[in-house]
4 protein chains.
Amino acid sequence: MKAQELKKQSSVERILSAALEIFADSGFEGARIDEIAARAAVNKAMIYYHIGDKRALYARVLHDVFSDTATRLTQRVARAQTPVKKLKAYIRSMAATFEQHPLLPPILMREFASGGRNFPETVAEDMLRILDTVSSIVKQGHKKKVFIHVHPLVLHLMVVGTMTYIRSTRPVRQRLVDIAEKEVLLPESEDGSAPLADVEKLVLRAIKR
Amino acid sequence: MKAQELKKQSSVERILSAALEIFADSGFEGARIDEIAARAAVNKAMIYYHIGDKRALYARVLHDVFSDTATRLTQRVARAQTPVKKLKAYIRSMAATFEQHPLLPPILMREFASGGRNFPETVAEDMLRILDTVSSIVKQGHKKKVFIHVHPLVLHLMVVGTMTYIRSTRPVRQRLVDIAEKEVLLPESEDGSAPLADVEKLVLRAIKR
Amino acid sequence: MKAQELKKQSSVERILSAALEIFADSGFEGARIDEIAARAAVNKAMIYYHIGDKRALYARVLHDVFSDTATRLTQRVARAQTPVKKLKAYIRSMAATFEQHPLLPPILMREFASGGRNFPETVAEDMLRILDTVSSIVKQGHKKKVFIHVHPLVLHLMVVGTMTYIRSTRPVRQRLVDIAEKEVLLPESEDGSAPLADVEKLVLRAIKR
Amino acid sequence: MKAQELKKQSSVERILSAALEIFADSGFEGARIDEIAARAAVNKAMIYYHIGDKRALYARVLHDVFSDTATRLTQRVARAQTPVKKLKAYIRSMAATFEQHPLLPPILMREFASGGRNFPETVAEDMLRILDTVSSIVKQGHKKKVFIHVHPLVLHLMVVGTMTYIRSTRPVRQRLVDIAEKEVLLPESEDGSAPLADVEKLVLRAIKR
DNA sequence: CATGAATGAGTTTTCATTCAT
DNA sequence: GATGAATGAAAACTCATTCAT
């Protein structure tokens, strides 16, 4: 973004999106308040004035991303009719989230890696909503005998795990290509849509009777 | 470990295992040399004397874990006869690795999250060996018409992604239970073996003709 | 005070009384403009608009308290006839001042402690007037052979020192009681009047022939 | 002190005496860690390494001064025989403390002024020991009918209040002289010994039957 | 090998003060 | 008069790294 475009957004918006990028890039501990302020073209003290300390900023950023993820998911799933359609809606909704917030995967991964040390309470609630939705899909599909018996959590972790890994390993895989030369390691189209279709296919095969 | 037991290991060993724990817990940026030295019961300067700076220590720790993972995997897979057995061997070998090095998942996740910023070259080579093995399993299974067509990388990321997520989300899930109370979110036996069996089942269903 | 009552006073009045409290509580360096503004229910910039910077605010606050102290003292003493009565008038006037401005003792103590670094000129003049009054009382009493020879300054410091210590050590003494439990350390009635009577008695005994 | 002399003391000693001076001069909030480090000719980080944060440093400094004050006092008083001699011993011991630690008065005054906000627990215990000593002197003197009835706390505050005021108002009084010119306001010899003798005389007159 | 002390360059956070509206 | 936002300089505290012994 150019400086001019930046100025069109409010300070708070600029702070939040800069923070999102930098937290995604460097993690909570690695992120530097100075850098966030600089990228947001904002005086450092403004971050404290508008939002609070580093932890509060992180919480705010995460919450903003999570809250609408959860609501969108429940809505989409609710609109779908059969369990299979609901499952597809769930998978695509997750995919869409990662599409729209490509910075979420690294943040998520780091959070889990550190035991959720910096995880704000509000985000935890959003996660619970998501898990509830997955649970009900699985339960319903099982009752109607279209799905085998699976723990919904395992299913969810498989979907999220696979997707976030596909997205976030890209830079490392690129480095592997540079080193190895011999094989093509990146199947996806630039936007990741192809492998996400694969995920849908595989998950459905895994779970359908 | 008690102080006495600690003393039985060499300084270097103590440093490396302390570093592994702390890097797993806090990530590269979050880890503190002071803390590593304290946990290793070693003078801080000794780390620099024996191993080098923080980055070198990290590389050393990662390499030590990775190198034998790759060889064990190729050996086990080679011993299995049919594609299905090879696939099972691969999945179990990965599971065994995470079993034996429970600190690997968080480290891996963080590494990918940060684009492999701290990834040492040697580790990259180990990863390539693993991918080669997976590739050959898939190719062979497809040729023999027992597997559907999948990109081996997607398969691998699904296996690794699911497993590492199952392991590393445990603390966060625990917190969710504390918050929500309403549902049991932890299906696994303490060592995570149950869900890993699930993973095997699901992956086979997903991929088998 | 309730917000409604606050609004009845002018902004300046609210600022000044808020500032008095906070300076008394935290000292010049410890006081925060933000806090003063908040307590005065006034926008921070208004303090600068109406009064000036932190130092100016402090000077203003101090002066407001001191100016009438000095005049009241001289008046009361003038009205008394004999040296003993004058001395009593002086002691009671000082006591009344501290009664009316309970925030004065801490401010005074801090000022002296820091060598009067923030002492405004105007206040110095008020202090000189007070010392003059004490001097004349002592001189007259000595001439009439009712008082022993004392340096008026020592007398004044004894009176002021004792009184301000009695008042301002109360919180600390309370903490001592909490820690020690064994003895009652607070002789005064809540308003401090009892010990001030003691002071009068002791000072008179000390100085009378 | 010259740089050479400084080097003869250990870092910790240098830190502590620098801190004492600066805390006395500027109070807890006003003191700057940077300045303390500079005066101690020590790297700032060394303060944290050896002692801890600002509050810990303050506690350490205060405790060092207080602990021996209390013990010296009890010893001296114990050696004296009659109540009057004990009282004199007490007064002189306090005077000696202020003589030896001229930086104590300002620190004390500020502490009381701020309600003991930064008062470390250990110091509180030392204060209690002192108060106990004064109590027993008064009680004994009263029983033997040589003293009138006084609350020991009022006595103590009179002694300490007067002494600390005499010492700590000197700079302000000097400024008054500069402003007023007309009167000599400083009766004491440079070391404050003369007025302290006055204090002894006055207090004895006040309290003796 | 081992240790305690030292260093210097950050890093987060705070705060008095000012500006635009 | 009044307000919310902005600024810049400093303050406390941290940490990887090195040194002297």
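Throughout, a chain's letter reflects where its sequence line sits, starting with A, and its residues are numbered from 1. Atom set for the values below is all heavy atoms of this structure, side chains included, hydrogens, waters and symmetry mates excluded.
In this structure, the CD atom of D:Glu35 is 16 Å from the P atom of F:dC13, given to the nearest Å. Atom CD1 in D:Ile51 sits about 15 Å away from atom P in F:dA12, given to the nearest Å. Spacing between atom CE of D:Met46 and atom C1' of E:dA5 amounts to 5 Å, rounded to whole angstrom units. Between the OH atom of C:Tyr58 and the P atom of E:dA16 there is a distance of 15 Å, rounded to whole Å. For the pair D:Ile47 CD1 and F:dA11 C1', the computed distance is 13 Å after rounding to whole Å. Rounding to whole angstrom units, CD1 of residue C:Ile22 and P of E:dA16 are separated by 11 Å.
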>> Between D:Leu16 and D:Leu57, is the side-chain contact (heavy atoms from CB on, under 4.5 Å) condition met? List the steps.
In response: CA-CA 8 Å; D:Leu16 290 176; D:Leu57 176 58; 4.1 Å; yes
>> I'd like to know whether C:Asp126 forms a side-chain contact (heavy atoms from CB on, under 4.5 Å) with C:His63, so could you lay out the CA-CA distance, the side-chain angles of the two residues, the decisive distance to 0.1 Å, and finally the verdict.
In response: CA-CA 9 Å; C:Asp126 294 329; C:His63 177 63; 4.0 Å; yes
> How far apart are the C-alpha atoms of B:Ile107 and B:Tyr58, what are their side-chain angles, what is the distance that settles it, and do they pass the side-chain contact (heavy atoms from CB on, under 4.5 Å) test?
Replying inline: CA-CA 10 Å; B:Ile107 289 186; B:Tyr58 187 73; 3.8 Å; yes
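No donor-acceptor distance shorter than 3.5 angstrom exists from the side chain of D:Arg39 to the backbone of D:Ile22, with no hydrogens or angles considered. Judged by distance alone, with hydrogens and angles left aside, the side-chain atoms of C:Arg32 form no donor-acceptor pair with the main-chain N or O of C:Ala37 at under 3.5 Å. In this structure a side-chain-to-backbone donor-acceptor pair under 3.5 Å is present from C:Arg14 to C:Ala41. In this structure, the side chain of A:Ser114 engages the main chain of A:Glu111 through a donor-acceptor pair within 3.5 Å.
Using cut-offs of 30° and 60° for the angle between ring planes, the C:Phe23 and C:Phe28 rings count as parallel.
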> Could you run down nucleotides 15-21 of chain F 5' to 3' and tag each one B, S or - for protein heavy-atom contact under 4.0 Å?
Replying inline: BSBBB--
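Contact annotation: A:Tyr49 side-chain N/O to F:dA5 OP1/OP2 distance is under 4.0 Å. An OP1 or OP2 oxygen of E:dA2 is reached within less than 4.0 angstrom by a side-chain nitrogen or oxygen of B:Ser11.
Interatomic distance, C:Leu20 CG to C:Ile15 CD1, rounded to the nearest 0.5 Å: 13.5 Å.
Annotation: E:dC1 and F:dT21 have their P atoms spaced 23 Å apart (nearest Å).
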> What dot-bracket string describes DNA chain F from 5' to 3', counting Watson-Crick and G-U wobble pairs whose defining distances are under 3.5 Å, with [ ] for crossing pairs and | for pairs to another strand?
Replying inline: .||||||||||||||||||||
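Considering only side-chain atoms of A:His50, the nucleotide from E:dT3, F:dG1, F:dA6 that sits closest is F:dA6.
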